[in-house]
Asker: 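Quick one: the structure is below, and I'll ask about it shortly.
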There are 2 protein chains.
Amino acid sequence: MSITSDLIRGHTETIILGQLIAKDSYGYEINKAIQEKTDNQYELKEATLYSAFRRLEQAGFILSYWGDETTGARRRYYSITPLGKEAYRQNKQDWERAKELIDRLI
Amino acid sequence: MSITSDLIRGHTETIILGQLIAKDSYGYEINKAIQEKTDNQYELKEATLYSAFRRLEQAGFILSYWGDETTGARRRYYSITPLGKEAYRQNKQDWERAKELIDRLI
DNA sequence: TAAATATACCTTGACAGGCGAGGTATATAA
DNA sequence: TTATATACCTCGCCTGTCAAGGTATATTTA
């Protein structure tokens, strides 16, 4: 943990979209993947994660559907839309630019 | 402009502290320097700038004093404190870490 | 078998930083 | 005299994060 949220703020949606480009997934799995990718240095708080899903779906960047689990807890799967893929590309580009600017400034 | 504020959020204070390490300065000048450094790609909004000054002074990271201009508008100068320098070093380190994490995730 | 843990979802309300909009004042250029 | 540049400031809204709380199923442990 420890990485302050303000440094990640604004990347949450991009991170989620990035996960969904690889494959359809659900909240719990996405968060586990994030933790693994960062060697447990970062995780999304649940409230943050689920409110991001709402925004992304609202914006037409993702679609959701219930999984057909016959056992265990139900899962709401998300898939990325073409619009979402475009947003991801744009966000990634913005990040490259922002990174360069911030490096210049600090 | 254009760089969304959420990507910069959390860097405002570090950027200001970074400017003040070079030399004492005042709001207007700091903002001009930021614009120059980024080829006019970025600027702090005034409300953002001045509220950041308040926080930084409150935290003991900077001190302020009025300039002795005999002409033109008055200037409130800021200088960075040892505590502010330490905060700057820490923030910069956090940035390096965050950058690496975000690059892994998106 | 009871309790704890892991999986999996969700909402509410508070908080903090960014910023639009508005304001003040001095000096210079058109 | 009007506009622009310099230089400061505040108020109140907006948005994303997250602590705290809740629900339900399955497995592991005591």
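Numbered from 1 within each chain, the chains take letters A, B, ... in sequence-line order. Computed from a prediction, not measured in an experiment: that's the story for all the values here.
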Asker: Provide, to the nearest angstrom, the distance between the CD atom belonging to Glu43(A) and the P atom belonging to dT17(D).
Answerer: 14 Å
Asker: Nearest whole Å is fine: how far is dA5(D) P from Glu29(B) CD?
Answerer: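 Rounded to whole Å, this separation is 18 Å.
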Asker: Does a side-chain N or O from Arg9(B) land closer than 4.0 Å to OP1 or OP2 of dT15(D), or not?
Answerer: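 Answer is no, no contact under 4.0 Å.
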Asker: Same cluster for Ile30(B) and Leu63(B) if Ile/Leu/Val/Met/Phe/Trp/Tyr side chains link at under 4.5 Å?
Answerer: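 As far as the 4.5 Å side-chain criterion goes, Leu63(B) and Ile30(B) are not connected within one cluster.
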Asker: Considering the terminal five base pairs at each end of the helix from dT1(C)-dA30(D) to dA30(C)-dT1(D), what angle separates the two local helix axes, rounded to 10°?
Answerer: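 If I round to tens, the end axes sit 10° apart.
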Asker: Indicate yes or no: does Glu86(A) engage Arg89(A) in a salt bridge with an N to O separation below 4.0 Å.
Answerer: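 Looking at Arg89(A) together with Glu86(A), the answer is yes, because their closest N to O distance falls below 4.0 Å.
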Asker: Return the residues of residues 99-106 of chain B meeting this criterion: a heavy atom under 4.0 Å from some atom of DNA chain C. Order them by number, or give none.
Answerer: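 None, since no heavy atom is under 4.0 Å.
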Asker: Strictly below 4.0 Å, N to O, side chains only: are Glu29(B) and Lys32(B) in salt-bridge contact?
Answerer: no
Asker: Establish, with yes or no, whether the OP1 or OP2 oxygen of dG16(D) is under 4.0 angstrom from a side-chain nitrogen or oxygen of Thr48(A).
Answerer: no
Asker: Want to settle it: does Thr71(B) or Trp66(A) sit nearer the 5' end of DNA chain C, counting the closest nucleotide to each?
Answerer: Trp66(A)
Asker: Looking across every strand, which nucleic acid part, if any, lies under 4.0 Å from Glu46(A) by heavy atom: base, sugar-phosphate, or nothing?
Answerer: base
Asker: By side-chain hydrogen bond (donor to acceptor under 3.5 Å, both in side chains), which residues pair with Thr14(A), not counting sequence neighbours?
Answerer: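 If we apply the side-chain hydrogen bond (donor to acceptor under 3.5 Å, both in side chains) test to Thr14(A), skipping adjacent residues, the hits are Asn91(A).
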Asker: Under the rule for salt bridge (charged side-chain N to carboxylate O under 4.0 Å, His left out), what residues qualify as partners of Asp24(A), not counting sequence neighbours?
Answerer: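 Checked Asp24(A) against salt bridge (charged side-chain N to carboxylate O under 4.0 Å, His left out); zero matches.
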Asker: In the hydrophobic cluster built from side-chain contacts under 4.5 Å, what are the other members alongside Trp66(A)?
Answerer: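 So far as hydrophobic clustering goes, Trp66(A) is joined with none.
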Asker: Which residue lies toward the 5' end of DNA chain D, Ala73(A) or Thr12(A), if each is placed at its nearest nucleotide?
Answerer: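 Upstream on the strand: Thr12(A).
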Asker: What orientation do Phe53(B) and Tyr78(B) show, parallel under 30°, tilted 30 to 60°, or perpendicular over 60°?
Answerer: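 Judged by the thresholds at 30° and 60°, the geometry between Phe53(B) and Tyr78(B) is parallel.
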Asker: Which residue, Gly10(B) or Arg76(A), contacts DNA chain C at a nucleotide closer to its 5' end, judged by nearest heavy atom?
Answerer: Arg76(A)
Asker: Going by side-chain hydrogen bond (donor to acceptor under 3.5 Å, both in side chains), name the residues that satisfy it together with Gln19(A), two or more places apart in sequence or in a different chain.
Answerer: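 Partners of Gln19(A) by the side-chain hydrogen bond (donor to acceptor under 3.5 Å, both in side chains) criterion come out as none, since no residue qualifies.
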Asker: Does the side chain of Tyr88(B) come within less than 4.5 Å of Leu20(B)'s, by heavy atoms?
Answerer: no
Asker: Measure from CD1 on Ile30(B) to P on dC9(D) and round the result to the nearest Å.
Answerer: 11 Å
Asker: Output yes when Glu13(B) and Arg55(B) qualify as a salt bridge under the 4.0 Å nitrogen-oxygen rule, no when they do not.
Answerer: yes
Asker: Earliest and latest nucleotide of DNA chain C, 5' to 3', sitting under 4.0 Å from a non-hydrogen atom of chain B?
Answerer: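 That gives a stretch of dA16(C) to dA27(C).
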Asker: Going by side-chain hydrogen bond (donor to acceptor under 3.5 Å, both in side chains), name the residues that satisfy it together with Arg104(A), two or more places apart in sequence or in a different chain.
Answerer: Glu100(A), Asp39(B)
Asker: What's in the same ILVMFWY side-chain cluster as Tyr77(A), cut-off under 4.5 Å, chained through other members?
Answerer: Tyr26(A), Tyr28(A), Tyr65(A)
Asker: Just jot down the salt bridge (charged side-chain N to carboxylate O under 4.0 Å, His left out) partners of Glu46(B), sequence neighbours excluded, or say none.
Answerer: none
Asker: With sequence neighbours left out, write down each residue that passes side-chain hydrogen bond (donor to acceptor under 3.5 Å, both in side chains) with Arg9(A), or none if nothing qualifies.
Answerer: Asp6(B)
Asker: Going by number, which of residues 50-65 of chain B have a non-hydrogen atom under 4.0 Å from DNA chain D?
Answerer: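 When residues 50-65 of chain B is checked for heavy atoms under 4.0 Å from DNA chain D, the hits, listed by number, are Tyr50(B), Arg54(B).
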